[in-house]
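The structure under discussion is supplied below as structure tokens; questions concerning it will follow.
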There are 2 protein chains.
Amino acid sequence: MTKKSPARTPRITIREVASDAGVSVAAVSKVLRDAYGVSEALRAKVQASMEKLNYRPLASARGLRGRTYTLGLVFPDLRNPFFADIFVGVNAALERTQYQAMQGVSVSASSLVEAMIDRQMDGLVLIGPNETNARLNDIADRIPLVAIGHHDIEEARFDTVNNDDQLGARLAVRHLCQNGHKKVAMLSLAAPVSTVINQRELGYRLEMTEQGLGTAINIVRAPQVLRDVQLTVRRLLESRDRPDAIFCWTDLMAFEAISVATELELSIPQDIAIVGYDNTVFCEFAQNRLTSIDQSGEVLGLQATRLLIERIDGRSHSEHFVVTPRVVARASSAKAG
Amino acid sequence: MTKKSPARTPRITIREVASDAGVSVAAVSKVLRDAYGVSEALRAKVQASMEKLNYRPLASARGLRGRTYTLGLVFPDLRNPFFADIFVGVNAALERTQYQAMQGVSVSASSLVEAMIDRQMDGLVLIGPNETNARLNDIADRIPLVAIGHHDIEEARFDTVNNDDQLGARLAVRHLCQNGHKKVAMLSLAAPVSTVINQRELGYRLEMTEQGLGTAINIVRAPQVLRDVQLTVRRLLESRDRPDAIFCWTDLMAFEAISVATELELSIPQDIAIVGYDNTVFCEFAQNRLTSIDQSGEVLGLQATRLLIERIDGRSHSEHFVVTPRVVARASSAKAG
DNA sequence: GCAAAAATGTAGAACGCTACACGTAGAACA
DNA sequence: TGTTCTACGTGTAGCGTTCTACATTTTTGC
């Protein structure tokens, strides 16, 4: 079935660079890799030839012996603009390095990770992985790994970068309480495994208790799907004893909450206050004016990438970086009245 | 500087599969590639061994001789959820094939394309490329290429998949006119090159003229940046002779328009009607209720991928697939009164 | 039955690069 | 002067696949 493609211009190889520069192939390779034992004169000669011939090393060939200079980013989905912030951070960290990031979106569980290992990524950044520690350790045994958004670091053979989700949740609740809201519900995510969810829910519970609102604790969970979120919110807002505030798992969920509230002709924040998480760009829009917890995705991405490169370069003990979240207050959580 | 990483379990290679199955390496390779000349018995034997050993072919090694079974998707940015729709389509097309998609976000112009060629992608899908035809042809000479959102197909040595942007713009204007809006402005994008922008602006002009509103033609352009869009919209809405409707380049821009209008205490659609493009999920939200032109990203992604695989398999003449857009009417463009 | 054709399997040379193991030359030291 | 270092280059064996060419067996045609 496989026919021949039209002939394409063949690539410049390391051999041609070597012969053009009048040096050995090994010498060119050394220059390429910044390896030890190269004189300035030789480096200059080789670099001139590379430039002249417009040489670009072929990643597959490099990968077969050494590294591919490619990092894999695994996103849980593409709809949340928060991930774009992380991506910005990753790219900032990659500036002035030879590395390139390739993204994938984990459609079917962990098959993407396998695909990336098959493709010889030098390392992986998993963003919000729904995986157990054991499973992550398995992966880490095969490829340098950093997880963003995974709190279980016991015996972890990989690095993690997190915002303090427990604190984030506490800040949200505290902020709402300070603004006079009492019956704070939490709209959480119904997902198989997630240490992030656990932390947020824990923070919510602890802070509610601390605020003397232990009896008002109310966690409802919805799957990521649009319909389900709306149904869940609607049920919550129409319930006999409606909360006066909702702390949402994500800005995206919060926007849906705003939508449902608007449909029910409840006014925000008078009838119902809303707080999101991630401080996405859309929070700023006048139709949302959503108070949100900022976990600075850019920093998360930057640090994760930094750690990953360190790990590729040989570090074997685990490091765990934590960002302190902060409240960005907007109208959606203003004083009740 | 490069230290040794902790020893990782070595991979299963084709050789081990061959020896386990008691056949030659070449035979295993044939099975892997569905090549001609393999008996059922042999195939079964080999597949059993592959399963048993959990063998996965290494893409780098394959790439050195044949293909990597990897397709590269190049997105212009990560913030627009419309791209998630395209991605869904791509994945649908990849189901039951050996191919895997890897995404990249084009930060610095075309350097990502080079990086993907270096990494031996079998083909590329460029989404909304800001490139000239000549430049795209250059790329197409080096790698199978499909562009989504590029209308200049003259002498194109690549395939394209588009929605009919000219029609889309006409539909938007027509819809607004039918609902009694007359002074329809267009909020367009200030970008270096884009045949998509040209088509939309052309459609807008033509339809305005056809509706007898030639004198009301008013195109303002803003760069993608948040601040600039808001400034532009604000200027437009505060101008002496304010339009009564805005047709926006993108839902994202439309949401910003809604934001500015809300801030100015203009009501939608009474004071100002708004129409977007892409029919993103957020359009449905009650705080937006945004009328939008649907160009079915899923179909775009699916078709692009289909064409790309055909092209990889040897097709050399160009094909151009066009999707017909449709209006999805919501409150933001309802009758003026 | 026998030649020709088709089907099935194998050997082994690439693919472009890295990294190990060396070779050489000059400097430093005694 | 010889010996030991150090710095700098080179030759070349793979890395894990694919694919061409060929060898062998089976089927077909008459």
- Item | Sole candidate of A/T132, A/T160, A/N133, A/N162 that passes side chain to side chain donor-acceptor pair (under 3.5 Å) when paired with A/H150 |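 The passing option is A/N133.
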- Item | Nearest-0.5 Å distance that lies between atom CD1 in B/I143 and atom CG in B/L124 |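 Between B/I143 CD1 and B/L124 CG, I get 4.5 Å after rounding to 0.5 Å.
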- Query: Quick one: do A/R11 and A/E16 make a salt bridge, cutoff under 4.0 Å?
  - Reply: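 Looking at A/E16 together with A/R11, the answer is no, because their closest N to O distance does not fall below 4.0 Å.
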- Phosphate oxygens OP1/OP2 of D/dT18: is one of them under 4.0 Å from a side-chain N or O of B/S29?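 Affirmative; the distance criterion is met.
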- Message: Whether B/R65 contacts D/dC19 is assessed here as follows: a side-chain N or O lying under 4.0 Å from the phosphate OP1 or OP2. Is that the case?
- Response: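 Negative; the distance criterion is not met.
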- Let me know the distance between CD of A/Q98 and P of C/dC17, rounded to the nearest Å.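 After rounding, the gap between these two atoms is 13 Å.
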- Rounded distance [0.5 Å steps], CZ in B/R33 versus OH in B/Y69: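 The CZ atom of B/R33 sits 7.5 Å away from the OH atom of B/Y69.
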- Message: Can you measure A/R43 atom CZ to D/dG9 atom C1' for me and round it to whole angstrom units?
- Response: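 Whole-Å distance recorded here is 14 Å.
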- Item | Integer-rounded Å distance: C/dT18 P and A/D34 CG |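 Spelled out: CG on A/D34 to P on C/dT18 is 12 Å.
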- Query: How close or far is atom C1' of C/dC17 from atom CG of B/D118, stated in whole angstroms?
  - Reply: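 Checked: the CG to C1' distance equals 13 Å.
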- Would you tell me if any nitrogen or oxygen in the side chain of A/S24 comes within less than 4.0 Å of OP1 or OP2 on D/dT10?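 For A/S24, the contact criterion (side-chain N or O under 4.0 Å from OP1 or OP2 of D/dT10) is met.
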- Closer than 4.0 Å, any side-chain N/O of B/R33 to the OP1 or OP2 of D/dC19?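 Answer is yes, contact under 4.0 Å.
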- Message: Rounding to an integer number of Å, can you tell me how far A/L58 CG sits from D/dT18 P?
- Response: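 Computing the A/L58:CG to D/dT18:P distance gives 16 Å.
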- Message: Nearest whole Å is fine: how far is D/dC15 P from B/R62 CZ?
- Response: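 Interatomic distance, CZ of B/R62 to P of D/dC15: 19 Å.
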- Task: Describe the nucleic acid contact of B/V38 in one word from base, sugar-phosphate, nothing, applying a heavy-atom distance below 4.0 Å.
- Result: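 Sugar-phosphate contact only - B/V38 comes under 4.0 Å of backbone atoms but never of a base.
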- Message: Tell me the interatomic distance from B/L42, atom CG, to D/dT25, atom P, rounded to whole angstroms.
- Response: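 B/L42 atom CG is separated from D/dT25 atom P by 16 Å.
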- Which part of the nucleic acid, if any, lies within contact of B/R15, taking any heavy atom under 4.0 Å across all strands shown: a base, the sugar-phosphate backbone alone, or nothing?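 Base, at least one base atom sits under 4.0 Å.
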- Message: Measuring to OP1 and OP2 of C/dC17, would you say a side-chain N or O of A/Y55 lies under 4.0 angstrom away?
- Response: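 Affirmative; the distance criterion is met.
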- Item | Under-4.0 Å side-chain N/O to phosphate OP1/OP2 contact, A/Y36 with D/dC8 |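 So the side chain of A/Y36 is outside the cut-off, no N or O lying under 4.0 Å from OP1 or OP2 of D/dC8.
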- Message: Using every non-hydrogen atom in the two residues, find where A/V125 and A/A304 come nearest and quote the distance to one decimal.
- Response: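 Nearest pair, atom of A/V125 first, then A/A304: CG1-CB, 4.2 Å.
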- Message: Using heavy-atom distances to pick each residue's nearest nucleotide on DNA chain D, tell me which of A/A26 and A/A61 is more 5'.
- Response: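 That would be A/A26.
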- Classify the nucleic acid contact of B/S39 as base, sugar-phosphate or nothing, counting any heavy atom under 4.0 Å across all strands shown.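 Here B/S39 touches the backbone only, sparing every base.
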- Give the rounded distance in Å between these two atoms: CD of B/E40 and P of C/dG9.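 One finds 10 Å between P of C/dG9 and CD of B/E40, rounded.
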